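In what follows, a structure is listed as structure tokens, so that the remarks can point back to it.
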Amino acid sequence: MSLYDKTAYELSEMLSKKEISSRELTADVFQRIDAVEDLTNAYVTLTREEAMDRAAEIDQKRAEGEELSPLAGIPIGIKDNICTKNIRTTCSSKMLENFVPPYNATVMERLQKDGIVIPGKLNMDEFAMGSSTETSYFKTTKNPHDLTRVPGGSSGGSASAVAAGECIAALGSDTGGSIRQPASLCGIFGLKPTYGSVSRFGLVAFASSLDQIGPIGRSTKDLAMLYGAICGHDHYDATTAYREYPDFLKEINTAVAKDMVIGLPKEYFNGIDPQVEEKVREAIKTLEGCGVRFKEISLPSTEYALSAYYIIASAEASSNLARFDGVKYGYRTENYTGLTDMYEKTRSEGFGDEVKRRIMLGTFVLSSGYYDAYYKRAKLFQKQVVAEFNQAFEGCDLILTPTSPVTAFKIGENIGDPLKMYMSDVCTVTVNIAGLPAISIPCGKDDKGLPIGLQLIGPKFSEQALFNMSELYEMESGFSYEMPLK
């Protein structure tokens with residue numbers, strides 16, 4: 001019996017009933033990694049010995065009757081920009097190629113307390129800057145549904161590994177769609193949580209006002225389990241909210257979802273692939289058949305959101321990445337004359353092209369004479385986006401859109417055209433600008449067998465409503481994940 005192809009929720013039930021052991025499950029996942037990792041290139045670092053020891057430890061605790069978390073003993077991959085104590089954390093960059101953090105990110109402290117097993121650290125676009133995982137310094141991750149195509153990005157390694165059975169679930173980070181877009185392209189589920197619901201302490205910063213850590217899995221319940229474990233206030237992160245969170249898994253209620261009204265913003269259905277729209281429209285009909293009501297709405301600022309996003313994100317990246325100067329930690333050039341020369345050569349050699357592009361753009365929009373024209377206007381626009389969403393939610397409970405305007409594109413197809421690459425995020429960036437939660441749900445495949453995802457967006461801290469609706473669609477559509485690379 002293979003175990004790597006089951007959901008985290010199914011495996012949690014099996015572990016709690018002692019039908020399987022964590023060692024059996026972890027060994028099965030590593031057998032799968034041995035079989036397909038050379039095809040997918042999902043991992044940067046594997047921690048086989050540590051994972052098997054951890055699995056044995058969890059099995060011993062279970063045998064002794066200790067009360068354990070539902071996640072205990074389940075192999076969960078970690079995106080390589082989330083700090084893991086004594087495990088290399090590279091951000092898929094030459095700059096941090098040999099960096100081993102002396103501490104854990106808050107989400108890692110919480111997950112390790114819950115007893116997860118960590119099979120390794122997952123590949124990503126360098127410093128989370130990209131939409132295809134092609135900007136990684138180490139390797140290009142491939143989509144397990146078609147190895148000639150990208151898995152999306154920047155959490156492409158996380159999505160590819162979950163989709164291919166190389167871990168049961170994973171953590172990613174989402175700055176402008178970096179969980180939802182790869183989840184869509186790989187045919188799995190991904191949640192971008194409300195800004196401030198998950199601690200960013202220990203997440204290597206890209207754009208601090210937009211970044212959020214979130215879960216990737218093969219079912220709605222997987223996301224609910226993992227999100228419930230990582231959310232909550234953290235005194236190390238002043239942006240986390242003081243609030244109580246429900247038991248998301250126990251509180252899933254599809255009956256409540258049937259009474260909801262969902263908005264369909266017309267702007268999000270312009271310029272998308274016809275097959276993507278067809279599958280999203282079919283999903284709408286499925287939900288209508290359950291009693292869910294839909295209404296057309298308008299979010300007119302969508303047209304300018306991508307431009308504003310790249311101004312804000314690049315400006316914050318320019319500031320955050322200034323710390324990588326060759327002085328304190330990370331890569332340092334070998335040959336230099338003087339401090340300024342060391343700075344220049346270190347950053348020129350340590351960063352890839354996409355990171356340099358965004359640093360230069362960010363430095364430009366923050367510079368004297370251009371700050372008011374670009375960055376200040378983008379931040380004012382951010383308030384407008386928030387106001388439009390707030391107004392929309394006065395007349396509907398959730399909003400439904402495509403997750404990505406296209407299915408997975410060929411490796412190398414867009415890497416030479418940054419503007420075309422940036423368009424991959426056109427359906428997702430507004431969520432980050434407004435700080436809202438959103439979930440990507442698989443809703444079919446195109447005629448090439450490539451996955452398509454729909455996106456549900458909710459008001460702040462409405463993750464429970466998103467899980468309710470996602471579970472309803474999952475049940476009514478009869479979704480069952482089909483493992484590629486068999």
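Since this is a predicted model, take the numbers as computed values, not measurements. Note that the numbering runs from 1 along the sequence shown for the chain.
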Flag the pair [X] / [Y] as yes when at least one side-chain heavy-atom distance between them is below 4.5 Å, and no otherwise.
X	Y	answer
R23	M52	yes
V162	C167	yes
I82	T89	no
I252	K221	yes

Exercise. Decide yes or no on side-chain contact (heavy atoms from CB on, under 4.5 Å) for I168 and K6, but give the supporting numbers first.
Key: CA-CA 7 Å; I168 305 304; K6 299 185 182 301; over 6 Å; no
Quiz item: Among T45, D80, N98, which one satisfies side-chain hydrogen bond (donor to acceptor under 3.5 Å, both in side chains) with T90?
Solution: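 Answer after filtering T45, D80, N98: D80.
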Quiz prompt | Qualifying residue for side-chain hydrogen bond (donor to acceptor under 3.5 Å, both in side chains) with N81, from S154, S173, S178 | solution =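 The single option meeting the side-chain hydrogen bond (donor to acceptor under 3.5 Å, both in side chains) with N81 is S173.
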Give a yes or no on whether [X] atom [atom1] has more than 12 heavy-atom contacts from other residues, nucleotides or ligands under 6.0 Å away.
X	atom1	result
K85	NZ	no
M423	CE	no
D353	CG	no

Practice problem: Can you see which heavy atom on Y43 is nearest to which on P119, and at what distance? | Solution: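 So the two residues come closest at OH-CG, 3.4 Å.
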Quiz item: Any idea which heavy atoms bring A159 and A183 closest together, and the distance?
Solution: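 For A159 versus A183, the nearest heavy atoms are CB-N, 4.2 Å.
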Can you confirm whether the side chains of [X] and [Y] place a donor and an acceptor under 3.5 Å from each other?
X	Y	value
R200	Y236	no
D174	Q212	no
D237	T240	no
N104	Q112	yes
E471	T254	no

In plain terms, say whether [X] and [Y] are close enough for a salt bridge, that is, a side-chain N and a carboxylate O under 4.0 Å apart.
X	Y	value
E354	R358	yes
R48	D34	yes
K61	E57	yes
D417	K420	no

Under 3.5 Å donor-acceptor, [X] side chain and [Y] backbone:
X	Y	value
D125	E134	yes
Q181	D425	no
D222	G217	no

Exercise. Run the numbers on S92 and E126 for side chain to side chain donor-acceptor pair (under 3.5 Å), then give the verdict.
Key: CA-CA 5 Å; S92 291; E126 184 183 8; over 6 Å; no
Practice problem: Evaluate the ring planes of F189 and F479, with Trp represented by its six-membered ring, and classify them as parallel (under 30°), tilted (30 to 60°) or perpendicular (over 60°). | Solution: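 Perpendicular, since the angle between the ring planes exceeds 60°.
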Quiz item: Hey, what do you get for CG (L15) to CD1 (I20), rounding to the nearest 0.5 Å?
Solution: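 Separation between the atoms: 4.0 Å.
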Quiz item: To the nearest 0.5 Å, how far apart are SG in C91 and NZ in K79?
Solution: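 Reported to 0.5 Å precision, the distance equals 9.0 Å.
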Pi-cation contact, [Y] with [X] (under 6.0 Å, within 45°):
X	Y	result
R243	F461	yes
R88	F138	yes
K94	Y331	yes
R32	F30	no

Exercise. Applying ring pair (Phe, Tyr, Trp, His ring centres under 6.0 Å), run through F248 and F467 and close with a yes or a no.
Key: CA-CA 8 Å; F248 293 102; F467 293 144; 5.7 Å; yes
Quiz item: Would a line drawn from the ring center of F99 to the ring center of F324 be shorter than 6.0 Å?
Solution: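 So the answer is no for these two rings.
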Exercise. Name all pairs fulfilling the side chain to side chain donor-acceptor pair (under 3.5 Å) condition that reach into residues 451-465, sequence neighbours left out, sorted by first residue then second.
Key: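 Residue pairs passing side chain to side chain donor-acceptor pair (under 3.5 Å), neighbours aside: R180-Q455, T194-E463, Y227-E463, T401-Q455, Q464-N468.
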Practice problem: Could you name each residue pair satisfying side chain to side chain donor-acceptor pair (under 3.5 Å) that touches residues 476-486, not counting sequence neighbours? | Solution: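 Listed once each, the pairs are H145-Y481.
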Exercise. Taking salt bridge (Lys or Arg N to Asp or Glu O under 4.0 Å) as the test, write out the residues that go with E282, two or more places apart.
Key: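 Per chain and number, E282 pairs via salt bridge (Lys or Arg N to Asp or Glu O under 4.0 Å) with K279.
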